[in-house]
There are 2 protein chains.
Amino acid sequence: MATRKEVADKAGVSVATVSYVMNNKQGVSEETRARVWQAITELEYKPSYAARSLKIQKSNNLAVFINYLGDPFEAGLLNHLEERAREAGYFLNFQTFSSETEIEFRHQFAGRVDGLLLIGQTLQAETLQTLRANNLPIVSITQAASDHSFDAIADIDWEMAMYQLLTHLYEQGHRRIAFMENEHYNHPHHYRKIAFVKAMERLQLTFNEQYFLQGGGRLEQAQQQMYSYLRASSSEKFTAFVAASDLMAIGMLTACRQLQIAVPEELAICGCENILMTTQTEPEITTIHYPRKEVAYAAVDLISKLLQQQSAPSYKISTELVLRKSTIQQVSLV
Amino acid sequence: MATRKEVADKAGVSVATVSYVMNNKQGVSEETRARVWQAITELEYKPSYAARSLKIQKSNNLAVFINYLGDPFEAGLLNHLEERAREAGYFLNFQTFSSETEIEFRHQFAGRVDGLLLIGQTLQAETLQTLRANNLPIVSITQAASDHSFDAIADIDWEMAMYQLLTHLYEQGHRRIAFMENEHYNHPHHYRKIAFVKAMERLQLTFNEQYFLQGGGRLEQAQQQMYSYLRASSSEKFTAFVAASDLMAIGMLTACRQLQIAVPEELAICGCENILMTTQTEPEITTIHYPRKEVAYAAVDLISKLLQQQSAPSYKISTELVLRKSTIQQVSLV
DNA sequence: TTGTAAGCGTTATCAA
DNA sequence: TTGATAACGCTTACAA
């Protein structure tokens, strides 16, 4: 790799001039500028990121805390995050986050990234403090369950969305509506449970802890839990299930097929997110649409602003229900 | 952020000594070592990555060229890559790669990452040359279609696997076997087509260009192409389809369901990779198992070795077929 | 319009 | 066993 010094020598100027040219500063004569560019091209000179970072105290790297790349919802979000980050000149470091590794984790980022993008995780107070001390702005995509204030949040209006979804089920005649949750509290799914509970209360529907199955956010576990639930003989069964994620909804649907439970006739199932796979199942799955591209772009824009000391108000949009066969019956239950 | 100088002052030693302690060099008295550690802890000192990178000319970052994060196969691979990279002390930069951006792309990495992890892409000769000039080792996960030699490759034995898959179809009575390809040549799917062609020849099965449908690697396109194919009236129809990816196989299955074509009775469908979703469809999909964790770990290990100037021989393992209902009939076609 | 030089926070060589 | 000090390659006053 050619260095700036070599370019300077070749062009017969000082190193400073090379910098001026590289950074498009004005006050350099056209003639010198051309000569310097020529040398740059010939030597295939590329500035050193490390040196530049050290000097300006910026890395142009952003860390993204992910929960599980095997979830298509998250992968889709990351896809768009990366897209937008590139436009903005950032490199992204994807980091799988879990509570077990949180403590060693929190010291990893100072000086290595300029900011953090979370996906609905709940951080320990001390982690938050360390990150703050290192002057790292934090933007969360999707609301975390605990409300420690990040610098900004980009999300949909979950309470509204969940209320709409439950209203739809209510109109279809459902009264006993259960929820497949993700029992890990520091996970974006957890806030969806909170929204579910609020919506149930608002509709004055009864529920208790029995109404919550633990799917762990994973398809396999959701499928297995649903299977157990369906096999357990119980006098009063639920008539509808909301899953905290589409992936879990898909697992539940498979459990129903295995046990020959008709969906939606015997049981309605719906999810959150609207991942592509919900259109490939039989029946297709009713869900809450989560506009991944829009939210991801907003999140990158927010953190860009924060890094330029601009104000960055949180972004929260309303969204739509996607009604599909898994909750729609010809004849209502009522 | 405290710097090394502050630590040195606080501990009453020189900056060099702090470095010795941080890097666990021997030759420092226990007493000084303790004093320095104390200062480090109290000041919450963390070494600066940028400074360190500049000095030792290493970033401990690796770039990963991805094709499409929306494909669960790739996302799964990345999940394991990240896992292993973390153990090895690397941060990963995921970069969506496409031919359109390849030219600007190739200058982005010098000095910013220590090496590259590809996922079956085919690079232009000049890109390869630039990367080489910058002394970046390149390891490819899955074989690229063109055989420019990377420093190492971690993959399964596609030719063997595809031959096994076709043999299975052959034994089920199929003779007219088509392939849903990904027409983008610089993509891992492309090598699977090559393996398919070889296996067809080995089994002495006839085929021509009509035998290839273009699915673009995406579920939506595969579904649509399959739909068109199925609707087009043709005297001689294929009896089996191999898709270059499971995602495309799923799209094809949906097209069949939409047109009420029975799988596997009227048409057999199978894929490659064995993503989780192939167990959630009706019928479940026969596929080639791709051990993502194993291959991903191997790839990170290979690049680690290369970065330590150790020899790193390519890794190629045989794999297994996963037989499921989408290709298995009670009564054979023969 | 261009050059000089200090400094970013490390590592590592050489002395002491 | 420890301390000075010269790089690493860049940015940016300030000087010329």
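Hydrogens, waters and symmetry mates are skipped; everything else that's a heavy atom, side chains included, is used. Naming convention: chains lettered A, B, ... in sequence-line order (proteins, then strands); numbering from 1 in each chain.
- Residue D9(A) contributes atom CG, which lies 16 Å from atom P of dT2(C) at whole-angstrom precision.
- The phosphate of dC10(D) (OP1 or OP2) has no side-chain N or O of S53(A) nearer than 4.0 angstrom.
- One atom, NZ of K5(A), and another, C1' of dG3(C), lie 12 Å apart when rounded to the nearest Å.
- In terms of phosphate contacts, S19(A) brings no side-chain nitrogen or oxygen within less than 4.0 Å of OP1 or OP2 of dC10(D).
- In this structure, Y49(B) places its OH atom 23 Å from P of dC10(D), rounding to the nearest Å.
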Please list, pair by pair, any protein nitrogen or oxygen found under 3.5 Å from a nitrogen or oxygen in nucleotides 6-9 of chain D.
residue	atom	partner	partner atom	Å
dA7(D)	N3	K55(B)	NZ	2.7
dC8(D)	O3'	Q57(B)	NE2	3.3
dG9(D)	OP1	Q57(B)	NE2	3.3
dG9(D)	N2	A51(A)	O	3.4

key: Q121(B) vs N67(B), side-chain contact (heavy atoms from CB on, under 4.5 Å): CA-CA, chis, key distance, verdict   = CA-CA 8 Å; Q121(B) 288 93 358; N67(B) 300 290; 3.0 Å; yes
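- DNA chain D is contacted by both V13(B) and A2(A); V13(B) maps to the nucleotide lying nearer its 5′ end (nearest heavy atom per residue).
- Within residues 22-30 of chain B, the residues that place at least one heavy atom under 4.0 Å from DNA chain C are, in residue-number order, N23(B), K25(B).
- Partners of T32(B) according to the side-chain hydrogen bond (donor to acceptor under 3.5 Å, both in side chains) rule, which considers only residues two or more places apart in sequence or in another chain, are S29(B).
- A 4.5 Å side-chain heavy-atom check between H190(B) and N182(B) finds every atom pair outside the cut-off.
- Sequence neighbours left out, the pairs with a member in residues 294-305 of chain B that pass side-chain hydrogen bond (donor to acceptor under 3.5 Å, both in side chains) are E83(B)-Y297(B), R84(B)-D301(B), E294(B)-Y315(B).
- A cation-pi arrangement is not found for R292(B) relative to F73(B), the charged atom failing to lie both closer than 6.0 Å to the ring centre and inside a 45° cone about the ring normal.
- Across all non-hydrogen atoms, the minimal contact from V139(A) to A299(A) is CG1-O, 4.1 Å.
- Annotation: side chain of T3(A) is in contact with side chain of E6(A) (closest heavy-atom distance under 4.5 Å).
- Using a distance-only test at 3.5 Å, with no hydrogens or angles considered, a donor-acceptor pair links the side chain of S59(A) to the main chain of R112(A).
- Checked against side chain to side chain contact (heavy atoms under 4.5 Å, CB included), Q95(B) has the following partners two or more places apart in sequence or in another chain: E82(A), R86(A), F91(A), F65(B), N93(B), F105(B), F109(B).
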Using nucleotides 14-16 of chain C, report all nitrogen or oxygen pairs with the protein that are shorter than 3.5 Å.
none

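- With hydrogens and angles disregarded, no donor-acceptor distance shorter than 3.5 Å links the side chain of S140(B) to the backbone of Q143(B).
- Side chain of A16(B), nearest nucleotide from dT2(D), dT2(C), dA12(C): dA12(C).
- Phosphate contact (OP1/OP2 of dG3(D), side-chain N/O of T17(B), threshold under 4.0 Å): present.
- Using the six-membered ring where Trp is involved, W158(B) and Y290(B) have ring planes that are tilted, between 30° and 60° apart.
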